Amino acid sequence: MTMPEPPLGASDGSLLAGRRVLISGGAGRIGAATALAVARAGGIPLVADLDPAALERVGECLAGWPHHRIVADLRGAAGIQACLDAALAAAGGVEAAVHAAYPRSAGWGACFEQLSEVHLAEDLQAQLGGAILFSQCLLRHFAACGGGDLIHVASIQGVAAPKFHHYAGTAMGSPVEYAAIKAGVIAISRWLAKYHRDQGIRVNCVSPGGILDQQPAGFLERYRADCTNIGMLEGADVAATIVFLLSEGARAINGQNLIVDDGWTL
Ligand SMILES: NC(=O)c1ccc[n+]([C@@H]2O[C@H](COP(=O)([O-])OP(=O)(O)OC[C@H]3O[C@@H](n4cnc5c(N)ncnc54)[C@H](O)[C@@H]3O)[C@@H](O)[C@H]2O)c1
């Protein structure tokens, strides 16, 4: 795996100063970039993912930085608790968490007319239910420890309707349940932030635009035309924002959804 250099700001080794950050989906595009950015900012990434081989590759990228890797299935409460227990056993504490796991059913990506009840239920449970259960487990831990930071990863698709013309002539699309899940993730972040007031807990959300991943040229051109300076993003663009939200400089930011999209939603 090759990971791009984080933008300036994410490489300040004092920003996170030893904070232990549990990153779910830590071997994915956004998760792995976040793990690297956390390490470069002086934090200790605790990288949790379902995919052991991908975790090994992230470990190679993190060689030389303190970190831990945890194989975990984070769709349900038992797996999430086992992951937290493993993180605590390995690192001795967890002060922050980023939920970037992205489980998808076999039916993910079906067009609206073909959406099956079974796959819909599975994706709503794994992605939105999983985000709630991850929050429940981590916030219970943070409350017991006197505080902590939780970051959810939503999407521009939870903020605005898709620009369907971008997908013309490609096999790509943007599922209706994805919009519902991501709008839900933004809503639960607000809810959780307010629910945990006076406990030293912050819950924030980032809504990234699309991440570069060998998409067709026509799609990239149409997407770029609706942005301001960049178009599709690198995982590191999102990771830098997450590091900021985890830092002391963001201590007054709570319950917010920070859109990182080069102006796609404008
Ligand atoms: N890629 C984009 O363009 C984009 C844009 C906006 C928002 N997002 C959001 O960012 C988040 C991360 O997306 P990504 O692009 O990094 O995805 P990705 O597919 O690259 O990574 C997701 C990771 O989650 C892991 N995972 C899947 N099921 C799991 C499970 N049951 N338990 C533990 N780990 C599991 C996978 O192994 C993978 O490493 C998602 O919530 C996604 O909706 C992505």
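Each ligand, and each atom within it, is numbered from 1 in the order the structure gives. All of these numbers come straight from a predicted model, not from anything done at the bench.
For the residue pair Ser174/His166, the side-chain donor-acceptor check at 3.5 Å is not satisfied. With hydrogens and angles left out, the side-chain atoms of Ser189 and His152 include no donor and acceptor closer than 3.5 Å.
Using a 4.5 Å heavy-atom cutoff, the side chains of Leu133 and Gln125 are in contact. No side-chain heavy atom of Ile44 sits under 4.5 Å from any side-chain heavy atom of Val38. Side-chain contact between Leu139 and His196 is present, with at least one heavy-atom pair separated by less than 4.5 Å. Looking at Gln215 and Met172, their side chains come closer than 4.5 Å, going by heavy atoms from C-beta outward.
Residue-level proximity to ligand 1 for Ala154 is carried by the backbone, the only part with a heavy atom below 4.0 angstrom. With a 4.0 Å heavy-atom cut-off, ligand 1 is reached by the side chain of Lys182 but not by its N, CA, C or O. When non-hydrogen atoms are compared, ligand 1 lies under 4.0 Å from neither the backbone nor the side chain of Gln127.
Looking from atom 20 (O) of ligand 1 to the surrounding protein, the closest heavy atom is Arg29 N, 2.9 Å. The protein atom (non-hydrogen) at minimum distance from atom 12 (C) of ligand 1 is Ala100 O, 3.3 Å. Nearest protein heavy-atom neighbour of atom 2 (C) of ligand 1: Ile211 CG1, 3.4 Å. In this structure, atom 8 (N) of ligand 1 lies nearest to the protein heavy atom Tyr178 OH, 3.5 Å. With respect to atom 21 (O) of ligand 1, the closest heavy atom belonging to the protein is Gly28 CA, 3.1 Å. Of all protein heavy atoms, the one closest to atom 22 (C) of ligand 1 is Tyr102 CB, 3.6 Å.
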Worked check of salt bridge (Lys or Arg N to Asp or Glu O under 4.0 Å) between Arg69 and Glu56: CA-CA 8 Å; Arg69 300 190 296 278; Glu56 284 300 312; 3.6 Å; yes
Evaluate the side-chain contact (heavy atoms from CB on, under 4.5 Å) criterion for residues Val47 and Ile70: first the C-alpha distance (whole Å), next the side-chain angles of each, then the deciding distance (0.1 Å), finally the verdict. CA-CA 6 Å; Val47 191; Ile70 302 151; over 6 Å; no
Pair Arg202, Asp149 - check salt bridge (Lys or Arg N to Asp or Glu O under 4.0 Å), show working. CA-CA 5 Å; Arg202 293 187 303 125; Asp149 280 320; 3.0 Å; yes
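Leu150 contributes atom CG, which lies 12.0 Å from atom NE2 of His141 (distance to the nearest 0.5 angstrom). Atom-to-atom distance recorded for Tyr102:OH and Tyr178:OH is 4.5 Å, nearest 0.5 angstrom. In this structure, the separation between SG on Cys61 and NE2 on His67 is 9.5 Å, given to the nearest 0.5 Å.
The nearest non-hydrogen atom to atom 32 (N) of ligand 1, considering only Leu74, Asp51, Val260, comes from Leu74. Closest heavy-atom approach to atom 29 (C) of ligand 1 among the candidates Asp73, Val58, Leu50, Asp49: Leu50.
Counting the atoms of ligand 1 from 1 in the order shown, those under 4.0 Å from a heavy atom of Ala101 are 24 (O), 34 (N). Within ligand 1, the atoms closer than 4.0 Å to a non-hydrogen atom of Val153 are 9 (C), 10 (O), 11 (C), 41 (O), numbered from 1 in the order shown. Those atoms of ligand 1 that come under 4.0 Å of a heavy atom in Gly209, given as number and element, are 5 (C), 6 (C). In the vicinity of Arg104, heavy-atom distances shorter than 4.0 Å reach the ligand 1 atoms 18 (P), 19 (O). Close approach of ligand 1 to Ala27 is summarised as follows: ligand atoms under 4.0 Å from at least one heavy atom of the residue are 39 (O). Remark: ligand 1 atoms within the under-4.0 Å shell around heavy atoms of Ile30 are 8 (N), 10 (O), 16 (O), 44 (C). Taking every heavy atom of Pro103 and a limit of under 4.0 angstrom, the matching atoms of ligand 1 come to 27 (C), 28 (N).
Contact between Ala72 and ligand 1 is present, with at least one heavy atom of the residue lying under 4.0 Å from the ligand. Ligand 1 has at least one atom lying under 4.0 Å from a heavy atom of Gly210. The shortest separation from a heavy atom of Ala32 to ligand 1 is not under 4.0 Å, leaving the residue out of contact.
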